[in-house]
Amino acid sequence: VARGLRAPSGTVIDNTFVITMLWQAGRPCSRRLPSDRRHPSADHLPDEEVWRAKQTAKSDLIDLVTEATGVELDPNVPIIGYARRMTAYKRPSLLLNDLDRLRSIAKKFPMQFVFAGKAHPADQPGKDMIRDIEQFARHLDVGHRFLFVPDYDMAVARFMYHGCDVWLNNPRRPLEACGTSGMKAA
């Protein structure tokens, strides 16, 4: 494994909340959660509180997208997200290979796509992918369901990780080191 996931910044539920809920349930846990090896089980967290935290994160993402693009996403429709470096082996624009099929699926199953990312200044294929995604997002028939959030940074990434319902990850094998963006989204 090339990288690990830093739990405090990679989880949607506040660790203070986790400690409080486990304490109320009478479960032993460390105050230094989660850096030590005694991770609590999520099975002891009330489902409604986990759902509330997830919906709050989704609402925060919708607010960010609205502010950045002027388009308000529907909170009742799944958000499929991609937020990371735009480069050929990560294939962020793979969905665009068969536009007719994508449109057909999107008509049957409502969904919203939110992309964010940057290409390395010397990565022309990565820049081209961003352009392709932005151009597709401007089409009138998909513009309200297919968005590109500009000015990608770590703050945008955090909103994306926490607020998306589904995380899009389709790298070329074996070029992806370990898939930490997917770990954060989970």
Side-chain angles (χ1 to χ4, degrees), residues 1-12 34 54 57-74 77-106 109-186:
V1 174
R3 295 183 183 163
L5 173 62
R6 183 176 180 272
S9 62
T11 55
V12 67
K54 176 61 182 165
K58 186 173 184 177
S59 177
D60 292 345
L61 173 61
I62 290 171
D63 291 345
L64 173 90
V65 169
T66 301
E67 184 178 318
T69 68
V71 177
E72 186 170 345
L73 298 173
D74 184 341
V77 175
I79 298 173
I80 300 171
Y82 178 101
R84 54 195 166 284
R85 188 167 49 93
M86 298 283 187
T87 189
Y89 80 86
K90 292 182 184 276
R91 303 188 300 178
S93 60
L94 184 63
L95 284 172
L96 306 182
N97 285 352
D98 189 345
L99 296 179
D100 292 334
R101 183 170 184 220
L102 177 60
R103 283 186 181 102
S104 173
I105 292 169
F109 306 100
M111 61 187 87
Q112 303 165 115
F113 292 91
V114 179
F115 286 81
K118 287 185 178 179
H120 185 278
D123 184 357
Q124 191 56 49
K127 292 177 190 178
D128 293 343
M129 289 177 186
I130 291 172
R131 184 201 64 231
D132 293 345
I133 291 167
E134 287 179 322
Q135 284 178 351
F136 183 69
R138 285 192 200 110
H139 283 121
L140 294 176
D141 62 337
V142 297
H144 64 288
R145 292 176 300 187
F146 201 99
L147 302 167
F148 186 86
V149 177
D151 302 323
Y152 177 71
D153 61 13
M154 294 306 292
V156 171
R158 187 169 287 120
F159 279 99
M160 295 281 294
Y161 295 144
H162 296 170
C164 288
D165 297 301
V166 178
W167 196 248
L168 184 62
N169 194 24
N170 46 356
R172 287 188 200 278
R173 295 175 73 189
L175 300 175
E176 183 78 329
C178 62
T180 55
S181 71
M183 291 179 206
K184 291 178 216 173

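Model, not experiment: these values are computed from the prediction. Along the sequence shown, residues carry numbers from 1.
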Could you tell me the separation between the [atom1] atom of [X] and the [atom2] atom of [Y], rounded to the nearest 0.5 Å?
{"X": "D128", "Y": "R131", "atom1": "CG", "atom2": "CZ", "answer": "4.5 Å"}
{"X": "R145", "Y": "M111", "atom1": "CZ", "atom2": "CE", "answer": "8.5 Å"}
{"X": "D74", "Y": "I62", "atom1": "CG", "atom2": "CD1", "answer": "7.5 Å"}
{"X": "L96", "Y": "M129", "atom1": "CG", "atom2": "CE", "answer": "10.0 Å"}
{"X": "F146", "Y": "E134", "atom1": "CZ", "atom2": "CD", "answer": "11.0 Å"}
{"X": "I133", "Y": "F113", "atom1": "CD1", "atom2": "CZ", "answer": "11.0 Å"}

Got a donor-acceptor contact below 3.5 angstrom from the [X] side chain to the [Y] backbone?
{"X": "Q112", "Y": "I80", "result": "no"}
{"X": "T87", "Y": "G126", "result": "no"}
{"X": "K58", "Y": "G163", "result": "no"}
{"X": "K127", "Y": "H120", "result": "no"}

Is the Y161 to W167 ring centre distance short of 6.0 Å?
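Yes, the ring centres sit under 6.0 Å apart.
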
Nearest heavy atoms of [X] and [Y], plus distance in Å:
{"X": "A116", "Y": "Y152", "value": "CB-CD1, 3.6 Å"}
{"X": "K54", "Y": "D165", "value": "CE-OD1, 4.0 Å"}
{"X": "V149", "Y": "A68", "value": "CG1-CB, 3.9 Å"}
{"X": "A119", "Y": "D123", "value": "CB-O, 4.1 Å"}

List the steps, then state whether ring pair (Phe, Tyr, Trp, His ring centres under 6.0 Å) holds for F136 with F148.
CA-CA 10 Å; F136 183 69; F148 186 86; over 10 Å; no

Under the salt bridge (charged side-chain N to carboxylate O under 4.0 Å, His left out) test, which residues partner D98, sequence neighbours left out?
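Partners of D98 by the salt bridge (charged side-chain N to carboxylate O under 4.0 Å, His left out) criterion come out as none, since no residue qualifies.
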
Should L61 and M160 count as side-chain neighbours, where that means a heavy-atom distance under 4.5 Å?
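With C-beta onward as the side chain, the pair touches.
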
Evaluate side-chain contact (heavy atoms from CB on, under 4.5 Å) for L147 paired with V65, printing each intermediate quantity in order.
CA-CA 8 Å; L147 302 167; V65 169; 3.4 Å; yes

Using side-chain contact (heavy atoms from CB on, under 4.5 Å), reason through V166 and I79 one step at a time and then give a plain yes or no.
CA-CA 6 Å; V166 178; I79 298 173; over 6 Å; no

Verdict with supporting geometry, Y82 and V114, side-chain contact (heavy atoms from CB on, under 4.5 Å):
CA-CA 6 Å; Y82 178 101; V114 179; over 6 Å; no

Look at atom CG of D151 and say whether more than 12 heavy atoms of other residues, nucleotides or ligands are closer to it than 6.0 Å.
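Counting other residues, nucleotides and ligands, CG of D151 stays at 12 neighbours or fewer.
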
